[in-house]
Amino acid sequence: MSNSPIDVVLIGGGIMSATLGAMIQRVQPDWSIRIYERLGEVAQESSNPWNNAGTGHAALCELNYMPEASDGTVDPAKAISINEQFQLSRQFWSSLVAAGDLPEPNTFINSTPHMTFVRGRDNVRYLRKRYEALKDEPLFAGMEYSEDPAVIGEWTPLLTKRRNSKQRIAATRQTSGTDVDFGALTRALIDNLVENGATLALNHSVRSIKRTKDGLWRLKVRHEVGHTTHVATARFVFVGAGGGALHLLQKSGIPDIDGFGGFPISGQFLRTTDPKLVAQHQAKVYGKAAVGAPPMSVPHLDTRVVDGQASLLFGPYAGFSPKFLKTGSWFDLPGSIRPKNIGPMLAVARDNFDLIKYLVGELLANRDKKLRALQEFMPTAKSEDWELITAGQRVQVMKKDAKKGGVLQFGTEVVAAEDGSIAGLLGASPGASTAVPIMVDLLKRCFPDRFSGWLPTLKELIPTVGTTLNDRPEEAERVLAATAETLHLQH
């Protein structure tokens with residue numbers, strides 16, 4: 001590999017690096033791009049389809065984006081914001097499909113109704129309020145609501161078959177939802193990057209990142225096959241290494257990472273490929289989280305389409321592991337502790353006892369308890385039809401807070417040096433689904449002097465970037481219909 005400075009180094013071969021690389025290659029095609037991936041293939045951690053739910057988060061079914069306030073009201077603002085972000089991702093993918101830069105859309109995205117399902121009087125009352133708050137919003141047009149078991153059973157029979165007829169239930173359905181294979185999408189994006197001149201270094205781990213006197217970044221890189229090392233220099237570095245991003249940003253020495261910590265949460269799913277069961281359930285059905293449960297632990301029974309094969313996935317069952325990556329080290333968590341983040345981390349532990357209690361309980365849960373959780377959704381579930389698989393690690397952001405000392409933040413956060421020469425992404429859901437707006441914001445933040453010149457190209461790729469759709473019903477309908485046609489989705 002050449003020793004001349006690389007314009008852009010992307011650390012980690014997941015959906016974030018793939019998305020940023022695809023954007024940069026189009027707005028600045030003369031820049032050199034190199035991707036370093038520690039494993040032998042890309043998309044093996046959080047972007048792997050079996051390590052995430054692939055929901056295509058548009059807030060159509062996720063109740064945690066619209067919690068009930070203490071006064072009983074529900075505010076749709078966050079749900080609308082998440083949906084707006086997903087529409088930008090859909091536009092970007094649609095543009096790349098139309099240009100022939102992504103393969104047939106059904107290789108990575110498929111129409112799958114998004115449903116919410118609740119049990120009990122109070123939950124039914126809440127879901128009715130949520131439906132009333134969303135049904136007239138343009139981005140949620142077409143949402144259906146029912147408390148009738150017969151109707152819900154028509155939508156997806158497994159929810160109502162052999163259910164106690166006295167139990168109060170309710171559900172919403174949005175037929176325009178999607179299932180996204182982020183592994184296939186990541187591979188396709190990176191294949192296209194390499195075809196157009198980027199270099200991909202598999203089995204290469206970045207061991208250190210240091211600033212040079214001339215403002216470049218010096219990366220020490222180890223080839224995991226043979227453990228030989230080389231040094232690369234870069235003008236811009238993006239750390240898209242999932243749970244590994246915190247360590248690398250700490251090694252860079254930028255003060256912007258001071259005070260940040262990571263709280264790792266592990267997960268498992270039950271999966272079935274039984275054709276008879278799969279045929280009876282074509283939807284992603286989300287419920288309500290248990291008290292103290294983190295947002296990414298909301299139970300859901302999902303249709304998944306991976307490599308053209310349909311299956312059902314239920315979970316996730318959360319737990320705790322000190323690893324920051326599925327293939328990481330047991331020393332990841334203790335190795336991330338620094339003098340400047342130990343205070344915020346201790347404050348988070350103090351203020352999140354319910355979460356810690358929940359995770360310990362999940363960790364100790366046996367298979368029978370896991371099956372009972374599934375049977376709350378699917379009363380006819382039998383243990384022998386389902387296998388337990390391990391999902392990816394999620395590392396939630398812990399950060400300084402003036403009032404509490406430290407807070408646990410659910411979602412994603414971009415951390416960047418003041419001069420914009422290095423940036424990384426911390427956090428989890430709804431990350432992959434909103435990768436496109438996250439990376440647009442990163443470009444604006446890290447390249448302020450170039451962004452206005454890039455904006456016309458970005459608007460060709462993402463026509464409504466910088467604007468919103470929900471407050472423009474006719475434009476929302478037009479954009480939704482256009483991306484649905486190109487991506488072969490139901491509208």
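- Using a 4.5 Å cut-off on side-chain heavy atoms (C-beta onward), Ile190 and Ile35 make contact.
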Practice prompt. Test side chain to side chain contact (heavy atoms under 4.5 Å, CB included) on Ile11 and Ile209 and set out the steps.
Written response: CA-CA 11 Å; Ile11 302 175; Ile209 309 175; 3.9 Å; yes
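- Side chain of Glu147 to main chain of Ala171: no donor-acceptor pair is present (N/O by atom type, distance under 3.5 Å, no hydrogens or angles).
- Ring pair Tyr65/His57 is perpendicular by interplanar angle, where above 60° counts as perpendicular and below 30° as parallel.
- Looking only at atom types and distance, the side chain of Thr483 has no donor-acceptor partner in the side chain of Gln91 under 3.5 Å away.
- Under the 4.0 Å criterion applied to side-chain N and carboxylate O atoms, Arg119 and Glu376 are assigned as salt-bridge partners.
- Heavy-atom minimum distance, Met115 versus Cys61: O-CB, 3.2 Å.
- Note: Phe324 and His247 have parallel aromatic rings, judged against thresholds of 30 and 60 degrees for the angle between ring planes.
- For the pair Leu102/Asn192, no side-chain contact is recorded, criterion being any heavy-atom separation below 4.5 Å from C-beta on.
- In terms of heavy-atom proximity, Thr175 sits nearest to Glu144 at CG2-OE2, 4.1 Å.
- Between Met16 and Thr19, every side-chain heavy-atom pair lies at or beyond the 4.5 Å cut-off.
- Looking at Glu45, its side chain does come within 3.5 Å of a backbone N or O of Thr327 through a donor-acceptor pair.
- Side-chain contact, Lys326 with Gln44: no donor N or O sits under 3.5 Å from an acceptor N or O.
- A pairwise comparison of heavy atoms in Ala423 and Leu249 identifies C-CD2, 4.3 Å as the closest pair.
- In this structure, the side chain of Arg163 engages the main chain of Leu159 through a donor-acceptor pair within 3.5 Å.
- Distance alone, capped at 3.5 Å, places no donor-acceptor pair between the Asp307 side chain and the Gln309 backbone.
- The environment of Lys323 atom NZ is dense: over 12 non-hydrogen atoms of other residues, nucleotides or ligands sit within 6.0 angstrom.
- Residues Ile462 and Met23 have side chains in contact (heavy-atom distance under 4.5 Å, counting atoms from C-beta outward).
- Two residues are said to be in side-chain contact when any heavy atoms from C-beta on lie closer than 4.5 Å; Phe263 and Val397 fail this criterion.
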Show your working on ring-ring contact (aromatic ring centres under 6.0 Å, His included) between Phe377 and Phe314 and close with a plain yes or no.
CA-CA 9 Å; Phe377 271 70; Phe314 178 78; 5.4 Å; yes
message = salt bridge (charged side-chain N to carboxylate O under 4.0 Å, His left out) for Glu68 and Arg125? Distances and angles first, verdict last.
response = CA-CA 11 Å; Glu68 188 171 14; Arg125 176 184 49 77; 3.1 Å; yes
Q: May I have the step-by-step check of side chain to side chain contact (heavy atoms under 4.5 Å, CB included) for Thr160 and Ile169, ending in yes or no?
A: CA-CA 9 Å; Thr160 56; Ile169 61 174; 4.2 Å; yes
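- Surrounding CG of Asn164 are more than 12 heavy atoms belonging to other residues, nucleotides or ligands, all under 6.0 Å away.
- Side chain of Asp256 to main chain of Val415: no donor-acceptor pair is present (N/O by atom type, distance under 3.5 Å, no hydrogens or angles).
- Checking Ser176 against His491 by side-chain atom types alone, no donor-acceptor pair falls below 3.5 Å.
- The shortest heavy-atom contact between Thr186 and Gly13 is CG2-O, 3.6 Å.
- A donor-acceptor contact shorter than 3.5 Å is absent between the side chain of Asn352 and the backbone of Leu355.
- A salt bridge (charged side-chain N to carboxylate O under 4.0 Å, His left out) with Glu132 is found for exactly one of Lys135, Arg130, Arg128, namely Lys135.
- The distance from the CZ atom of Phe182 to the OG1 atom of Thr55 is 8.5 Å, given to the nearest 0.5 Å.
- A distance of 5.5 Å separates CG in Asp385 from OG1 in Thr272, rounded to the nearest 0.5 Å.
- No donor-acceptor distance shorter than 3.5 angstrom exists from the side chain of Arg271 to the backbone of Trp50, with no hydrogens or angles considered.
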Open item on the list: side chain to side chain contact (heavy atoms under 4.5 Å, CB included) for Leu270 and Glu387? Distances and angles first, verdict last.
Closed with: CA-CA 5 Å; Leu270 284 170; Glu387 62 173 327; over 6 Å; no
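- The shortest side-chain heavy-atom distance between Lys399 and Gln409 falls under the 4.5 Å cut-off.
- For the pair Gln250 and Ile257, the tightest heavy-atom approach, listed with the atom from each and the gap, is CA-CG2, 4.0 Å.
- At a cut-off of 3.5 Å, with distance as the only test, no side-chain donor of Thr112 or Gln282 sits close to an acceptor on the other residue.
- Contact check for Glu84 versus Asn470: side-chain heavy atoms found under the 4.5 Å cut-off.
- For the residue pair Asp71 / Thr73, a side-chain donor-acceptor distance below 3.5 Å is found, with atom types taken as modelled.
- The shortest non-hydrogen separation linking His300 to Pro316 is NE2-CD, 3.5 Å.
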Given the rule in the salt bridge (charged side-chain N to carboxylate O under 4.0 Å, His left out) test, do Arg304 and Asp179 qualify, once you have shown the distances and angles that lead to the verdict? CA-CA 6 Å; Arg304 293 302 323 267; Asp179 173 71; 2.8 Å; yes
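- Within the 3.5 Å criterion, the main-chain N or O of Val9 finds no donor-acceptor partner in the side chain of Tyr36.
- Taking CZ of Arg445 as the reference point, atom CE of Met439 lies at 11.0 Å (rounded to 0.5 Å).
- A distance-only check finds no donor-acceptor pair linking the side chain of Ser17 to the backbone of Gly14 [under 3.5 Å].
- Side-chain atoms of His281 come within 3.5 Å of backbone atoms of Leu301 as a donor-acceptor pair (strictly under, hydrogens ignored).
- Put simply, CG on Asn341 and CZ on Phe260 are 10.5 Å apart, with the number rounded to the nearest 0.5 Å.
- Within a 6.0 Å radius of NZ in Lys251, more than 12 heavy atoms belonging to other residues, nucleotides or ligands are found.
- From Leu60, atom CG reaches atom OG1 of Thr172 across 8.5 Å, with rounding to the nearest 0.5 Å.
- One distance of note links CG of Leu185 with OG1 of Thr107; it measures 8.5 Å at 0.5 Å rounding.
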query = When you look at Glu137 and Ile80, which way does the side chain to side chain contact (heavy atoms under 4.5 Å, CB included) test go after all the steps?
reply = CA-CA 8 Å; Glu137 299 292 346; Ile80 292 168; 3.7 Å; yes
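- Considering only heavy atoms from C-beta on, Arg90 stays 4.5 Å or farther from Val436 through its side chain.
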